[in-house]
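Worth saying up front: this structure is predicted, and the values here are computed from it rather than measured. Whatever order the structure lists them in is the order used to number ligands and atoms, beginning at 1.
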Amino acid sequence: MSDLLTYTGLEVREHRLDTVLSYHGTSTDLNEKGKNGALVCPARYYGQCGNCPESCAETRAIIMRDAVAISHAPLGCSSRAAEHNIAFRTVCRQRGYEVKNIRYINTNMSEKDTVYGGAEKLRLAIREADTRYRPKAIFVLSSCAAGIIGEDLESIAGEMEEELGYPVIPIPCEGFKSTVWATGFDLGYHAILWKLVKPPRKKQEDLINVFSFAQSDGFGPLLNPLGLKANYLTDLATVETVSYMSEAAASVQMCTSLSMYIAHVLEERYGVPEIKVPSPFGIAWTDRWIRAVAKLTGREERAEKFIAAEHERIGPEYQELCEVLGGKTIYVWGGDAWALNIINVVKEFGMKVAGLNLNHHDVKVDSDTEKVPLDHLTEAAGEIHNTSICNKQPFMVYKILKNLKPDVIILRHGGNPVICTKAGIPTIFEGDVNFGIGYEGTLHLGKHLHSVLKKKRFFEHIGEHVRLPYTNWWLNEADAFYFEGAGTK
Ligand code: SF4
């Protein structure tokens with residue numbers, strides 16, 4: 001795989017990982033059919049909304065502290081910039097960095113540019129980025145418009161790199177390139193591996209690469225007691241720390257859907273081992289994850305002491321949470337691996353999973369591990385009924401929720417909480433994915449669930465009074481999956 005570190009050397013997820021975007025059934029059926037090559041992905045012939053790979057690729061570039069991201073795109077493609085900016089400013093404050101805006105430029109491609117080409121505009125934007133920010137690297141993101149006219153980003157970036165004397169990195173992330181928006185994460189990481197990551201100067205035995213989003217420091221409190229340092233990548237990182245991620249003792253991930261590609265290439269190309277047990281969500285998986293990291297770095301004794309002390313510390317509060325949450329029903333909606341991690345936590349609390357909705361499902365993984373995330377979840381939590389896959393389709397999820405009537409919902413992506421609240425069900429928007437990490441994160445999550453359950457009547461009240469944008473025909477239609485076609489293998 002790492003032999004293909006070139007501009008266009010990465011296959012999209014639907015070809016590389018057999019990713020599917022629609023399904024309904026059970027978790028074990030999904031897993032088994034995927035493994036046997038029998039998973040039919042029904043085409044959905046109506047879609048209400050979604051993301052695109054460009055918006056995911058830009059998240060890998062935009063939040064590095066000394067780089068600039070340029071979208072060579074019409075202005076509308078940068079509609080998420082304000083959201084990224086709020087996230088960046090918040091996390092800078094949270095993590096003790098100077099609070100700044102993101103460094104981001106859009107070339108504002110016009111209709112005229114799509115006829116005569118936008119190369120000159122892009123060169124201007126790159127020079128402007130250099131003058132305005134004096135960055136250590138510039139990322140250039142493609143878009144549908146740039147891709148359709150065949151704008152030669154690789155040549156322009158190469159020419160500008162020579163002029164400026166530092167990396168100018170093109171990312172071929174046209175929105176139409178993949179129906180799976182998470183492909184954008186892979187494209188962003190691929191460009192970083194291709195142009196920025198250097199061979200190690202020397203190994204740093206106490207450095208652990210942490211692939212996650214720029215959010216609270218959930219991993220530090222698990223790694224520091226073992227004498228290890230978290231190297232958060234690539235959000236909030238610098239070009240220097242990104243360049244030498246090859247020196248780390250291991251790589252860990254908040255969610256394999258985000259970063260399994262880069263973790264695997266680092267292992268294959270630079271011998272940085274990937275921790276292949278599930279991420280530290282829930283007590284049992286946190287214990288297992290700490291032991292796996294400790295074994296790899298020769299810190300087993302410290303790990304056992306730390307685990308025992310943490311169990312003792314959180315024990316009483318954890319038991320109280322199990323008592324108040326046990327038996328409550330929950331619906332989980334999120335990305336492939338994150339949602340499975342959360343199910344592990346809530347099952348440990350004794351909650352019942354009413355249903356699971358994934359934004360996509362990767363049938364295969366990039367890593368050479370024998371088990372995919374669904375195998376781990378099945379071992380830990382058994383069968384999940386009412387499992388579905390739909391890439392952010394609120395009109396479908398509303399009907400699923402009305403049918404299942406869970407006590408509470410937890411979800412991960414902005415925008416989605418609105419429809420759940422309109423359904424009148426207590427909802428948690430878990431925007432900070434590191435908030436639920438480890439022992440302390442398990443307590444955070446439990447307390448958050450308990451607190452929102454107490455607001456049941458508030459959500460019911462909203463549900464009783466909102467007007468939905470759907471026709472009576474759709475609201476009365478019994479089948480939430482009405483728009484799924486016959487599908488193809
Ligand atoms: S799908 Fe294409 S046009 Fe739409 S936001 Fe993404 S890159 Fe822009």
Side-chain angles (χ1 to χ4, degrees), residues 7-8 10-16 19-22 41 43-63 68-88 102-119 121-122 125-126 129 138-154 156-157 168-192 213 257-258 261 335 359-360 390-395 413-416:
Y7 179 53
T8 51
L10 179 67
E11 273 198 294
V12 296
R13 285 201 186 197
E14 45 272 63
H15 299 153
R16 203 173 85 244
T19 303
V20 289
L21 293 173
S22 54
C41 179
R44 190 179 308 114
Y45 51 96
Y46 171 72
Q48 190 177 4
C49 59
N51 283 3
C52 86
E54 197 268 354
S55 68
C56 286
E58 85 187 4
T59 66
R60 303 303 77 212
I62 219 166
I63 295 182
V68 175
I70 298 176
S71 271
H72 190 35
L75 211 49
C77 299
S78 298
S79 58
R80 291 187 69 200
E83 190 189 324
H84 294 317
N85 201 40
I86 294 168
F88 185 62
I102 49 169
R103 298 154 156 223
Y104 180 61
I105 291 175
N106 175 289
T107 59
N108 193 12
M109 282 186 88
S110 64
E111 203 175 331
K112 197 169 156 197
D113 298 322
T114 62
V115 177
Y116 297 105
K121 235 178 186 179
L122 178 56
I126 295 173
I138 296 176
F139 290 93
V140 178
L141 298 132
S142 189
S143 64
C144 292
I148 287 167
I149 64 167
E151 199 84 277
D152 187 355
L153 256 56
E154 190 181 14
I156 299 167
V168 179
I169 307 159
I171 310 181
C173 53
E174 300 81 17
F176 58 72
K177 189 163 199 163
S178 170
T179 53
V180 184
W181 66 65
T183 293
F185 296 135
D186 307 336
L187 291 165
Y189 282 135
H190 180 84
I192 285 167
F213 292 108
S257 286
L258 169 70
Y261 174 71
N359 290 326
H360 76 272
C390 77
N391 49 351
K392 273 197 184 175
Q393 303 304 332
F395 75 104
H413 293 88
N416 293 349

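- Residues Lys121 and Asp113 form a side-chain contact, since some pair of their non-hydrogen atoms from C-beta on lies under 4.5 Å apart.
- Side-chain atoms of Asn416 and Lys392 form no donor-acceptor pair, as typed in the model, at a separation below 3.5 Å.
- Protein N/O/S atoms found under 2.8 Å from atom 2 (Fe) of ligand 1: Cys144 SG.
- Rounding to the nearest 0.5 Å places OG of Ser142 at 8.0 Å from CD of Glu54.
- Side chain of Thr183 to backbone of Val12: no donor-acceptor contact under 3.5 angstrom is found.
- Distance screen at 4.0 Å: atom 2 (Fe) of ligand 1 has a protein heavy-atom neighbour inside the cut-off.
- Looking at Phe176 and Ile148, their side chains come closer than 4.5 Å, going by heavy atoms from C-beta outward.
- No side-chain heavy atom of Glu174 sits less than 4.5 Å from a side-chain heavy atom of Ser143.
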